[in-house]
Amino acid sequence: MNEKFLKPYNSAEAEERISKLWDESGFFNPDNLPTNTGALDSDGQPRFSKPFSIILPPPNVTGTLHAGHAMMLAVQDIIIRFERMRGKKTLWLPGTDHAAIATQSKVEGIIYKEEGKRRHDLGREELLKRVEQFAQNSHDTIVSQVKAMGSSVDWSREAFTLDEIRNKAVRTAFKQMYDDGIIYRGYRIVNWDVKGQTTISDDEIVYVEQKSKLYTFRYGKTETGEPFPIPIASGRPETKVGDVAVAVHPDDARYKQYIGKEYKVNFAGTQLTIKVVGDEAAQPEFGTGAVGVTPCHSMTDWDIAERHGLRKDLIVINEVGKMTEAAGPMVAGKKIAEARTTIVEWLKSEGLLEKEEDIVQNVTTAERTGGVIEPLPKLQWFVSATKRFTQKFGPNAGKETSLKELMLGAVRANGGEIEIIPDRFEKTYLHWIENLRDWCISRQIWYGHRIPVWYRTDASGKEEVFVGVEAPQNSADGVGAWKQDEDTLDTWFSSGLWTFSTLGWPDAWDPQANGGKGGARPGTDLALYHPTDILETGRDIIFFWVARMILMSTYLIGEIPFKTVYLHGLVLDGAGKKMSKSLGNVIDPLAMKEKYGADAFRLSLIIGTGPGNDSRISDDKIKGYRNFANKLWNIARFILSNTTGESETNKPSAGILIPPAIDYDPAFSAFSDADSKLIEELDALIVEITKEMEEYKFYIVAEKLYHYAWDKLAADILEDSKKIFAAGDAAAIRSRQQFLLRALDRLLRVLHPFIPFVTEEIWSHIPKSKNRTVGLLMISEWPE
RNA sequence: GCGCGGUUAGCUCAGUUGGUAGAGCAUUCCCUUGACGUGGGAAGGGUCAGAGGUUCGAAUCCUCUAUCGCGCACCA
């Protein structure tokens, strides 16, 4: 027997060796799985013929992987290894995400800290070079971390959201959406991130509570010399120099008489024209019941202005967060905070300020840069949620629909095919879609997919727009050259294509197939692996990502991107706190692997965690599962030493009976009554956990196996075996030996998806025999 | 404001068709040289947040309350 078994399980040594074995086998790539062996899979099909696929949610190239990533990798690897053992042709496709804003702002931060330079000091080309270098380093780290966790992904198919293949997919998608009128350019109010100097979508906003003041006041004198009749309330009086109207509820008896009237008022040194309008958006209970309408600096006010045909060109705050000339001489050029002080002082001095209250205000900030968001009107590109168009591909080709309808119809709660686990998130998803507004997709940053739109001015001075997959040719007729749009696309635009851009779309797609309903070209990955079987991801990106993949996939190829969505929660520290660098409570997966082994770390991330719930992880917990790996090691040691006819130590075996060497015989049937019962028990357990595996209840399966191995097999059966071996009844000994080998064989198989390294390591030390010529555990059969 | 989730042993959590409360860690005591001290045995510890209801029977189903957390909306 191998000397290794005389020492505690050495995870570091074993993991390195096993990683190499797996790598060399090539079995992470489904193309290399051994077919034509005559064996059947769990569905009765030839083994490794029926596809099963997961596309890895691509980690951002903004840094290194954390415990949350480790959990995601563990869950997906469990699913993949389970399905592979059940005989599926399993593809787990890895990749990374360029994460446009996140990555660029991170690199900009580093450059500013180290060199004191900003974006425009470097220029587009130089900045991109630096960002790409950073992304490359980050990518390399991520790849090594994914490997370290034992993740059985197919590296030969690795993808990047910003590589050339994915860029082609993005341009193709954009073009089709533009042609269908789903993508449009519009002058609308958008979220402007002053710090990041870019627009962002509604989903990239976070509200931060802040103590602030609510001022109640009136505009200054009207043309008659009387003060403006209606008092208004505002937390941002500096924006009031941009007001064009006052909105009151149409039924509000206090103000009804003023509706429709227009006043010229003096306000902070500037002249405003204020019309009183009746609009349901004004709530009589709030403040004075009257709203000062600032169309260019508030989303809701912009909508009010739209409804009443008010002017929408009075811009009083600019892109760097300062007051414009149009704001009037008193505040022009000042920063927002200064302007507010100035205006409040002015209101006081004029006796116009009626009330000043302390309130808690939600300040709108950008998730990535932390900067304040100023709503500003800008010419940007949008994806329409509601525009009607004719579905090109799939079973519903020819039918009229909208993106919102496609997204709503895809989930099970609405009669669709996609199941979300846990199911309560289906409601969350639907609620979000129902309130969905048009998606602003253009960004004023440099790192990302350049918008595939070109402009030129024709001879008559009119702007021409070209949208295409490839750049347009410049003509030699003296007309101005085409110039590509400076902006890049929201990173989620390319992420939305991820399930099929990674499988070869658009080249693998044949629009003419199926009588014009479209289809994947035969033999391509797209044909074989799409729709993917399951999307496993964090519940925090259900809107960002899950919804957009459903959007892109159903729209572009008329197919759902995945059948099941499995959402996991956040991984918190031992005290229930979110991990963050500033708190110093971040758990580094590589450090845990070194200390306790990847298996122990994986198990600690799985046990005690249901889908969608947050989980906690601590050193103690991981340590507990490191002990389990060792327990399994010693179970194997006992079983092997009592079936090979060898003493388990080098010492002379004084007075200890060593059972004779035997060959494991899967067909052995002469079991004692006691052993028959044990077999029934174990078989029943396997049936039970197989069902739970299919229901994605990994936390329950892992715990059951843990207890079987420790409390049943080790504590009861092995102890009992010692007595049987000592008693000397040859038939009973033989029966027990066969049972033990059988139990070890079964246990290693079912534990393999959870703790792949230690199980594969033990497996490799089971002596070969006439009945046992199998190779790697990772492609062995799941016991039925 | 609307919605969702949690509240079970000191701590972290299981408990899936309602049938006399479970695990890990922690605590206390004991044991142990032949699989394993990364071990073994044992013990203590819970009116399952509260109230009401349905039921022969409720941690489990219903209603309300409290409390914590999350999402969405509002934020003039």
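Below, chains carry the letters A, B, ... as their sequence lines are ordered, and counting in each starts from 1. All values below were derived from every heavy atom in this structure, side-chain atoms included, with hydrogens, water molecules and symmetry-related copies excluded.
B:C13 and B:U8: their C1' atoms are spaced 9 Å apart (whole Å). The same atom, C1', is picked in B:U12 and in B:G46; the two are 15 Å apart, to the nearest Å. To the nearest whole angstrom, the two C1' atoms, one in B:G45 and one in B:G50, are 23 Å apart. Taking atom P on both nucleotides, B:C31 is separated from B:C48 by 38 Å, rounded to a whole Å. When the C1' atom is used for both B:C56 and B:A49, the distance is 27 Å, rounded to whole Å. Across B:U20 and B:C25, the matching P atoms stand 26 Å from one another, rounded to whole Å. Nucleotides B:A26 and B:G44 place their C1' atoms 13 Å apart, quoted to the nearest Å. Comparing B:A14 with B:G52, their P atoms are spaced 28 Å from each other, to the whole Å.
Considering only the side chain of A:Glu692, B:U16 comes nearest among B:C36, B:U16, B:U38. Between B:C72, B:G39, B:C4, one nucleotide has an atom nearer to the side chain of A:Phe543 than all others, and that is B:C72. Checking B:C4, B:C74, B:G39 against the side-chain heavy atoms of A:Arg424 singles out B:C4 as nearest. Listed nucleotides B:C4, B:U38, B:C74 differ in distance to A:Pro8; the shortest reach to its side chain belongs to B:U38. Closest to the A:Asn435 side chain, of the nucleotides B:A35, B:G39, B:C72, is B:C72. The side chain of A:Gln283 has B:C74 as its nearest neighbour among B:C74, B:A35, B:U16.
Residue order along RNA chain B, read from the 5' end via each residue's closest nucleotide, puts A:Asp711 first among A:Asp711 and A:Phe628.
Looking at A:Tyr219 and A:Val246, their side chains come closer than 4.5 Å, going by heavy atoms from C-beta outward. Inter-residue side-chain proximity for A:Thr759 and A:Phe754 is flagged as unmet; no heavy-atom pair is nearer than 4.5 Å. Residues A:Tyr215 and A:Ile343 form no side-chain contact, since every pair of their non-hydrogen atoms from C-beta on lies 4.5 Å or further apart. Taking 4.5 Å as the limit, some side-chain heavy atom of A:Tyr708 sits within range of a side-chain heavy atom of A:Leu682. Between A:Lys256 and A:Pro250, the closest side-chain pair of non-hydrogen atoms is not below 4.5 Å. A:Trp710 places none of its side-chain heavy atoms less than 4.5 Å from the side chain of A:Leu632.
Atom P of nucleotide B:A73 and atom CE of A:Met299 are separated by 11 Å, given to the nearest angstrom. Put simply, CD1 on A:Ile542 is 13 Å from C1' on B:C72, counting in whole angstrom units. Between the CD atom of A:Glu426 and the C1' atom of B:G5 there is a distance of 16 Å, given to the nearest Å. If you measure from atom OH of A:Tyr625 to atom P of B:U12, you get 16 Å, rounded to the nearest angstrom. Between the CD atom of A:Gln361 and the P atom of B:C74 there is a distance of 14 Å, given to the nearest Å. The nearest whole Å value for the distance from the CD atom in A:Glu719 to the P atom in B:C36 is 11 Å. Atom CD1 of A:Ile617 and atom P of B:G24 are 19 Å apart (whole Å). When rounded to the nearest whole Å, the span between CG of A:Asp423 and C1' of B:U16 equals 12 Å.
The backbone N or O of A:Pro295 lies less than 3.5 Å from no partner atom in the side chain of A:Arg311, so there is not a single donor-acceptor pair. At least one donor-acceptor pair under 3.5 Å links the side chain of A:Asn414 to the backbone N or O of A:Leu408.
With 3.5 Å as the limit, one finds a donor-acceptor pair spanning the side chains of A:Glu761 and A:His765. Under 3.5 Å, the side chains of A:Asp279 and A:His308 contain a donor-acceptor pair of N or O atoms.
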Show each protein N/O and nucleotides 41-46 of chain B N/O combination with a separation under 3.5 Å, one pair to a line.
none

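Backbone-only contact: A:Lys427 has heavy atoms under 4.0 Å from sugar-phosphate atoms and none from a base. Here A:Thr300 lies in heavy-atom contact (under 4.0 Å) with sugar-phosphate atoms only. Base engagement by A:Ala290 is indicated by at least one non-hydrogen atom pair under 4.0 Å involving a base atom. Within the 4.0 angstrom heavy-atom criterion, base atoms lie near A:Ala714. Nucleic acid contact for A:Leu718: base, since at least one base atom lies under 4.0 Å from a heavy atom of the residue. Residue contacts shown for A:Arg626 include a base, since a base heavy atom lies under 4.0 Å away. A:Tyr207 comes within 4.0 angstrom of a base, heavy atoms only.
Using a 4.0 Å cut-off, no side-chain N or O of A:Lys621 falls inside it from OP1 or OP2 of B:U12. For B:G40, one of the phosphate oxygens OP1 or OP2 lies less than 4.0 angstrom from a side-chain nitrogen or oxygen of A:Trp710.
Judged by the 6.0 Å and 45° rule, A:Arg307 forms no cation-pi pair with A:Trp302. Judged by a 6.0 Å distance limit and a 45° cone about the ring axis, A:Lys593 is positioned over the six-membered ring of A:Phe757.
For the strand RNA chain B, secondary-structure stems (runs of at least three Watson-Crick or G-U pairs, all distances below 3.5 Å) span B:1-7 with B:66-72, B:10-13 with B:22-25, B:27-31 with B:39-43, B:49-53 with B:61-65.
Ring centers of A:Tyr625 and A:Tyr596: at least 6.0 Å apart, outside the cut-off.
Near RNA chain B, meaning a heavy atom under 4.0 Å from it, residues 693-707 of chain A has A:Lys697, A:Ile700, A:His707 in order of number.
The only option from A:Val331, A:Thr342, A:Val316, A:Ile336 that meets the side chain to side chain contact (heavy atoms under 4.5 Å, CB included) definition with A:Glu238 turns out to be A:Ile336.
Remark: A:Glu688 engages A:Lys704 in a salt bridge, criterion side-chain N to carboxylate O under 4.0 Å.
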